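Quick notes on the structure that follows.
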Amino acid sequence: MTMERRSFLKKAGIGLAATAATAPAIAQTSGGPTVNWRLASSFPKSLDTIFGGAETIAKRVSAATGGKFTIKVFAGGEIVPPFSVHTAVQNATVECAHTAPYYFFGTDPTFAFSCAIPFGLNARQQNAWMYHGGGMELMREFYKDYNIIHFPAGNTGVQMGGWFRKEIKTVADLKGLKMRIGGTAGLPLQKLGVVPQQIPGGEIYPALEKGTIDAAEWVGPYDDEKLGFYKVAKFYHYPGWWEGGPELDLFVNQKAWDALPKEYQAILEAACYEANVDMLAKYDALNPAALKRLVANGVKLVPFSNEVMAACFKAVMETYDEIAEKNAKFKKVFDSWKVFRSEAIQWSQVAESRFDNFMIGAEKSLRVPAKAAPAKAAAAKAAPAKK
Ligand code: CA
């Protein structure tokens, strides 16, 4: 890399001299160096949404550098186990990884702030905290200890509570429940008797099918339908209060980042912004129809009761105090983050919440009659010969 960079700088210098002599309207660029990176994703290829975030980044980076900077994307487990990608980036086994940082809460729960922590922020609030609320500075300081620089690069929006073989009606129903659940939510749920399991996305279905676990959460209707959970568990609870707006990150090895030309750094950073916007848009566009298909397949859509939510909330708040007491890094981020959360909720309950709630109430009056669209399509199909 160093040699490549030196050669790039040399070429760039020559290019500049030639430009000064001929002064063309569009300067001939010497082009950047060839850089080939490997990216380890934590997700299976079958999920175009969440795995697709890494592909969005790779495509943009290649297109914007004329194919000079390539990032080869590997699915979870292909070259690095899904839950070890942070270590692979730290040790420079790969240059970068695309992941949900809360997977690494066992290493340090502070990782989860650049993803989601229970009863935390929604997707918009997460972006606001990260880009303009001090989150980026706090988390980059934390990631330095792991030779990692992180970039927000995807968000699922608020997730579903997951798939349960038996309906959860009361707090007592949680006792003894073996549940696949991502991130820090496992800690407070243990207080309520849940036995949390960390299982990568691609391995959840067989565990739920065999009955090794009683319940599993993944993301939301579109992804969950693809993974087939509705075939083995009928109760689909919501919301996933542990993931109000989970961020996916691109983890980049600090030395690999430092060795990139400034132009490539800017391109990679912009590609991550793109992946962040695009993934959320994709989920919001694809989830409504997927949810309808699931319900048509006999899925029972059930909200968590207020009793269950309140008990979980209490357990979560206790857990935060316990972690903050022992972990100074967590406490530093948490103290700043919780002020932001309170302010963000105060603001969102004014215009945003009133607007959303009114529109939800008015939605029935906005519905397009179900027959209108197919009838139009059928008419167009029946009469193409006239054109
Ligand atoms: Ca999840």
Side-chain angles (χ1 to χ4, degrees), residues 83 86 99-130 133-143 145-146 150 152 155-159 161-162 171 174-175 177 179-198 217 237-249 304-349:
F83 293 160
H86 62 318
T99 190
Y102 65 21
Y103 288 150
F104 318 117
F105 79 94
T107 304
D108 189 323
T110 315
F111 273 96
F113 283 106
S114 74
C115 185
I117 66 171
F119 295 106
L121 307 173
N122 67 23
R124 283 185 48 184
Q125 293 162 348
Q126 179 71 15
N127 280 335
W129 179 65
M130 197 50 83
M136 196 75 94
E137 295 78 3
L138 284 164
M139 290 312 293
R140 286 204 170 158
E141 188 188 337
F142 168 75
Y143 281 124
D145 293 347
Y146 297 88
H150 84 294
N155 200 302
T156 68
V158 62
Q159 297 199 353
V171 177
L174 295 171
K175 211 168 171 66
L177 191 82
M179 180 176 183
R180 185 276 172 195
I181 185 159
T184 33
L187 299 174
L189 279 172
Q190 277 176 317
K191 290 178 189 283
L192 302 171
V194 172
V195 186
Q197 319 272 323
Q198 284 259 70
E217 66 84 38
H237 280 292
Y238 65 92
W241 45 261
W242 49 94
E243 302 185 76
E247 171 184 316
L248 290 312
D249 274 349
F304 283 127
S305 69
N306 282 340
E307 183 217 341
V308 169
M309 293 282 283
C312 293
F313 186 84
K314 187 169 172 282
V316 167
M317 298 308 138
E318 286 169 11
T319 305
Y320 289 152
D321 290 340
E322 289 159 14
I323 298 172
E325 215 171 277
K326 291 182 287 193
N327 183 330
K329 289 180 186 175
F330 182 93
K331 188 178 187 305
K332 185 177 180 182
V333 181
F334 187 56
D335 285 348
S336 166
W337 177 92
K338 64 187 177 187
V339 173
F340 185 91
R341 175 181 59 181
S342 172
E343 296 283 333
I345 293 170
Q346 286 177 57
W347 161 231
S348 67
Q349 71 186 263

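Fair warning: this is a prediction, and the values are worked out from it, not measured in the lab. Along the sequence shown, the residues carry numbers beginning at 1.
- Formation of a donor-acceptor pair under 3.5 Å by the R180 side chain with backbone atoms of Q198 is not found in this model.
- Here the side chain of E217 pairs a donor or acceptor atom with the backbone of G182 at under 3.5 angstrom.
- Interatomic distance, Y143 OH to R140 CZ, rounded to the nearest 0.5 Å: 10.5 Å.
- Minimum heavy-atom separation, H150 to E247: CD2-OE2, 4.2 Å.
- Enclosure of atom CD in Q346 by more than 12 non-hydrogen atoms of other residues, nucleotides or ligands within 6.0 angstrom is indicated.
- Counting heavy-atom neighbours within 6.0 Å of N306 CG, excluding the residue itself, gives a total of 12 or less.
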Between E243 and Y102, is the side chain to side chain contact (heavy atoms under 4.5 Å, CB included) condition met? List the steps. CA-CA 10 Å; E243 302 185 76; Y102 65 21; 2.5 Å; yes

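- Taking all atoms of both residues into account, the shortest heavy-atom contact from F304 to G161 is CE1-CA, 3.9 Å.
- The shortest heavy-atom contact between C312 and L192 is SG-CD1, 3.8 Å.
- When the shell of 6.0 Å around NZ of K175 is examined, it contains 12 or fewer heavy atoms from other residues, nucleotides or ligands.
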I'd like a table of donor-acceptor pairs (distance under 3.5 Å, sequence neighbours excluded) in which one partner is a side-chain atom from residues 104-111, with atom names and distances.
{"from": "T107", "atom 1": "OG1", "to": "H86", "atom 2": "NE2", "distance (Å)": "3.4"}
{"from": "D108", "atom 1": "OD1", "to": "T110", "atom 2": "N", "distance (Å)": "2.8"}
{"from": "D108", "atom 1": "OD1", "to": "T110", "atom 2": "OG1", "distance (Å)": "2.5"}
{"from": "D108", "atom 1": "OD1", "to": "N327", "atom 2": "ND2", "distance (Å)": "3.0"}
{"from": "T110", "atom 1": "OG1", "to": "F330", "atom 2": "N", "distance (Å)": "3.3"}

Would you tabulate the side-chain donor-acceptor contacts of residues 115-123 under 3.5 Å, counting partners in other chains and residues two or more places apart, or write 'none'?
{"from": "N122", "atom 1": "OD1", "to": "R124", "atom 2": "N", "distance (Å)": "3.2"}
{"from": "N122", "atom 1": "OD1", "to": "Q125", "atom 2": "N", "distance (Å)": "2.9"}

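- Of all the heavy atoms in G245 and N155, the pair that sits closest is O-ND2, 2.9 Å.
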Might you work through the side chain to side chain contact (heavy atoms under 4.5 Å, CB included) test for I345 and R341, ending with a clear yes or no? CA-CA 6 Å; I345 293 170; R341 175 181 59 181; 3.7 Å; yes

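- Ring geometry for W337 versus F113: interplanar angle over 60°, hence perpendicular rather than tilted (30 to 60°).
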Step by step, work out the side chain to side chain contact (heavy atoms under 4.5 Å, CB included) result for E322 and L187. CA-CA 11 Å; E322 289 159 14; L187 299 174; over 6 Å; no

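- A heavy-atom distance below 4.5 Å is not found between the side chains of P246 and Q126.
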Pair D335, K332 - check side chain to side chain contact (heavy atoms under 4.5 Å, CB included), show working. CA-CA 6 Å; D335 285 348; K332 185 177 180 182; over 6 Å; no

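- Rounded to the nearest 0.5 Å, atoms CZ (F142) and CE (M139) are 5.5 Å apart.
- The minimum heavy-atom distance linking L138 with S336 is given by the pair CD1-OG, 3.5 Å.
- P101 places a side-chain heavy atom less than 4.5 Å from the side chain of D249.
- Note that NZ of K338 is 14.0 Å distant from CD of E343, once rounded to the nearest 0.5 Å.
- Under a 3.5 Å cut-off, the side chain of T319 and the backbone N or O of A315 do form a donor-acceptor pair.
- With respect to E318 and K314, a salt bridge is recorded, a charged nitrogen being found less than 4.0 Å from a carboxylate O.
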